[in-house]
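Take a look at the structure set out below.
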Amino acid sequence: MLSVFLEVLRRDLLLAWRNRADVLVTLAFFTIVACLFPFGVGAEPNLLRTIAPGVLWVAALLATLLSLHRLFAQDHTDGVLEQLLLSPEPPVLWVLAKVLAHWLTTAVPLIVAAPALALLFDMTQSATMVLVLSLLLGTPILSLLGGVGAALTLGLRGGGMLLALLVLPLFVPILIFGAGAVDADLAGTGAAAHLMLLGGGSLAALALAPWASAAALRIAVE
Amino acid sequence: MLEVTELACLRGDRMLFADVALTVQAGELVRIAGPNGVGKTSLLRLLCGLAQPEHGQVSWKGQRLERTRERFHREALYLGHAAALNDLLTPLENLRFAAACHGLGVDAGRCELALERIGLGPQRDLPAKVLSQGQRRRVGLARLYLSENVPLWVLDEPFTALDVAAVRDLADWLDAHCAHGGMVVMTTHQDVPFATPMRTFDLAESAC
Amino acid sequence: METGQRFSLFRYAAPQQFYPLAGRLAPWFAAAAVVFTLIGLYLGFFVAPTDAVQGEVYRVIFIHVPAAWMSMFVYLIMAFWSAVGIVFNTRLSAMMAQALAPTGAMFCFVALWTGALWGRPTWGAYWVWDARLTSQLLLLFLYFGFMALTRAIEDPRRADKAGAILALVGAINVPIIYFSVKWWNTLHQGASVSLTKAPSMATTMLMAMLVMALAAWAYTIAVVLWRVRPLILERERHTEWVGDVLETSEARA
């Protein structure tokens with residue numbers, strides 16, 4: 001049972017490695033979006049410090065969004081998705097493996113790069129720590145929920161825009177708690193509550209989203 | 001074994017066919033015939049559980065497909081139009097992945113043998129994107145050489161883009177599968193000589 | 001006996017049974033909607049007393065609050081029909097969900113619009129990032145997403161099922177969105193005046209609001225019944241009974 005999970009995970013990681021330019025593009029996108037804001041709002045350090053958590057979280061969210069189409073699209077056109085659906089193992093397993101591979105190859109690089117970007121906004125060390133923690137706990141929800149959206153819009157014309165319309169409203173709570181965690185830390189009220197909510201959200205998404213994705217994929221190949 | 005009753009298929013808002021009844025017993029080779037667009041591929045996809053019928057049901061060993069999904073997927077193999085290859089992986093990697101997902105439990109050595117048998121030995125470590133159309137097809141078909149213990153084979157146009165020798169070899173292999181009590185349901189536009197008596201099911205008779 | 005009961009229960013779940021029933025019921029609900037609206041508006045605009053703090057402006061809540069309630073109810077009902085469709089595999093439920101979505105979006109929009117009109121004199125701005133208004137805006141996006149997805153998918157069966165999944169995912173998220181926005185709001189803005197917290201709710205005010213809510217229900221039911229009829233015909237056009245319906249209507253014309 002675990003073998004399908006591991007096989008799919010291994011394959012998707014291998015594919016991400018052979019396609020590593022994609023990962024770099026996502027990372028570059030994240031950086032550029034974050035760097036746009038000072039040009040838009042001015043380089044006043046206090047202002048930048050205030051908006052930094054929100055800016056970095058929005059940038060991470062958009063970068064994840066743009067990478068979501070990669071989750072199932074190639075397998076859909078190749079016919080691999082059909083074969084996966086014909087596997088005797090429950091679809092939830094390999095959906096989870098694909099989402100995990102997506103998270104490892106998209107979100108983890110962003111999380112690693114986030115402290116460097118935090119420097120550009122002159123964030124304090126403790127705020128940067130909280131930012132990294134909030135991204136670590138919050139980005140799995142982005143990948144899991146985004147997977148549902150990617151599965152629902154699979155193979156549709158204008159799927160990318162539609163995907164954004166479907167998932168961005170659902171991402172709002174994650175943005176609120178993610179950026180809120182850093183704000184709370186800066187305000188000195190402690191970020192524990194926010195981080196716990198993000199962690200709880202990740203667990204809930206882990207329990208529910210793969211089922212919805214699997215059902216949506218079954219519909220998409222019909 | 002595989003039993004289809006009163007099957008109807010709706011594509012978009014058009015009823016493709018209705019009242020299809022078909023039984024496939026062990027050792028049988030069934031060819032689904034009919035003109036283009038009559039719904040041969042749709043029927044095959046219904047047979048292997050990839051699509052839901054508008055009406056009627058498909059049963060495997062006396063149980064409805066949705067009740068016995070896991071077992072059925074273990075005992076059925078479907079090869080569709082798409083070769084199910086990823087361009088960045090080699091034929092060997094693609095084949096191993098497909099076999100592992102199907103729960104076949106075969107090692108790399110057997111996959112290499114299967115690729116050699118279908119004539120892809122020299123190409124097994126090249127990325128799939130450099131393969132020709134016929135070679136891509138064959139990577140998919142190589143799964144047949146790993147699936148002798150999977151009773152039901154559902155094949156959509158397996159012979160297209162194959163050369164004469166490969167067609168001959170594949171036909172022999174299908175014969176051998178049927179001789180061992182396997183079942184083959186397929187579509188083909190080619191006249192392939194089989195040793196097994198082939199039953200032709202004309203889907204045009206059920207077309208709407 | 002048992003089969004008889006089942007039959008009567010599920011009888012109207014069949015599109016060909018529901019189609020004429022919807023046609024018969026819709027005018028009655030439409031009439032009810034008109035009557036309730038007239039009574040509600042009369043109560044709200046002429047009978048209810050002037051508010052001590054806000055003056056006459058507050059009267060917009062007789063439209064705003066029922067619209068906001070209804071926009072949330074409609075999403076819940078959509079999610080309910082979607083769940084029914086997934087569990088029992090009934091075709092009609094997906095059509096109901098799709099017929100409901102535009103009405104829900106409309107109520108959402110009305111709630112936002114009246115909220116802005118009410119906010120201008122009260123807050124001094126058309127838009128304030130108030131928790132309720134913001135949730136309402138996100139709900140509107142959820143409706144847009146649902147409608148865009150079901151329209152983007154050409155195969156009606158796939159559209160039905162994909163829409164159902166999306167509606168359920170959205171329904172689970174609606175309370176999460178609401179509470180997160182509320183939390184965000186208290187952190188960033190402090191408490192703001194809320195539309196439904198009218199200081200002292202006189203009985204006539206409450207009555208007017210409830211009558212308007214009834215009007216919104218009646219309107220929704222009427223519009224959905226009307227909207228679902230062409231949907232049924234479109235989806236079932238490969239069947240015989242739709243052919244018969246179209247023939248008789250042509251003959252009448």
Side-chain angles (χ1 to χ4, degrees), chain A residues 50 54 138 141 144-181 183-184 186-187 189 193-194 197-198 200-201 204-205 207-209 211-222, chain C residues 75 79 82-83 85-87 89 94 101 105 108 129 131 134-189:
Chain A
T50 322
I141 317 180
L144 284 160
L145 268 183
V148 181
L152 283 172
T153 55
L154 204 53
L156 299 182
R157 266 180 292 113
M161 283 293 192
L162 191 56
L163 176 59
L165 180 60
L166 297 192
V167 299
L168 283 181
L170 306 180
F171 284 176
V172 167
I174 308 154
L175 178 63
I176 289 176
F177 294 126
D183 280 337
L186 289 173
T189 50
H194 290 81
L197 280 168
L198 281 177
L208 295 175
W211 297 94
S213 298
L217 288 173
R218 199 176 281 288
I219 296 165
V221 300
E222 242 183 47
Chain C
Y75 203 91
S82 300
I86 288 176
V87 175
N89 200 17
C108 234
W129 290 89
T134 312
S135 314
Q136 196 81 56
L137 184 66
L138 290 173
L139 186 62
L140 183 64
F141 290 147
L142 289 183
Y143 276 119
F144 283 162
F146 178 87
M147 290 193 284
L149 180 68
T150 48
R151 281 184 188 35
I153 302 175
E154 271 168 35
D155 181 50
R157 280 208 302 179
R158 183 182 166 192
D160 288 352
K161 291 180 186 170
I165 291 176
L166 183 68
L168 284 180
V169 172
I172 294 173
N173 272 279
V174 163
I176 299 174
I177 290 175
Y178 179 70
F179 287 113
S180 69
V181 168
K182 208 169 163 186
W183 199 20
W184 163 79
N185 188 250
T186 48
L187 286 179
H188 287 257
Q189 301 250 317

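Just so we're clear, the structure is a prediction, and the values are computed from it rather than from any experiment. Quick note on labels: first sequence line is chain A, next is B, and so on, each numbered from 1.
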For [X], is it the side chain, the backbone, both, or neither that has a heavy atom closer than 4.5 Å to a heavy atom of chain C?
X        : result
A/Leu145 : side chain
A/Ile176 : side chain
A/Leu197 : side chain
A/Ala220 : both
A/Leu154 : both

When the 4.5 angstrom heavy-atom criterion is applied to C/Val181 and chain A, the contacting part is both
Heaviest contributor of heavy-atom pairs below 4.5 Å to chain C, chosen from A/Ala151, A/Ala209, A/Pro169, A/Gly149, is A/Pro169
Distance, nearest 0.5 Å, that separates [atom1] of [X] from [atom2] of [Y]:
X        : Y        : atom1 : atom2 : answer
C/Leu142 : A/Leu168 : CG    : CG    : 11.0 Å
C/Trp184 : A/Asp183 : CH2   : CG    : 11.5 Å
A/Leu152 : C/Arg158 : CG    : CZ    : 8.0 Å
A/Leu170 : C/Leu138 : CG    : CG    : 9.5 Å

Parallel, tilted or perpendicular, as decided by the 30° and 60° cut-offs, for the rings of C/Trp183 and A/Phe177
tilted
Do you know which of C/Ile86, C/Leu137, C/Leu166 has the most heavy-atom pairs with chain A at a distance under 4.5 angstrom?
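If we count pairs closer than 4.5 Å to chain A, C/Leu166 comes out on top.
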List the atom of C/Ile165, the atom of A/Ala216, and the distance in Å for their closest heavy-atom pair.
->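 Minimum heavy-atom contact is CD1-N, 3.6 Å.
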Heavy atoms of C/Ala148 and A/Leu162 approach each other most closely as CB-CD1, 3.3 Å
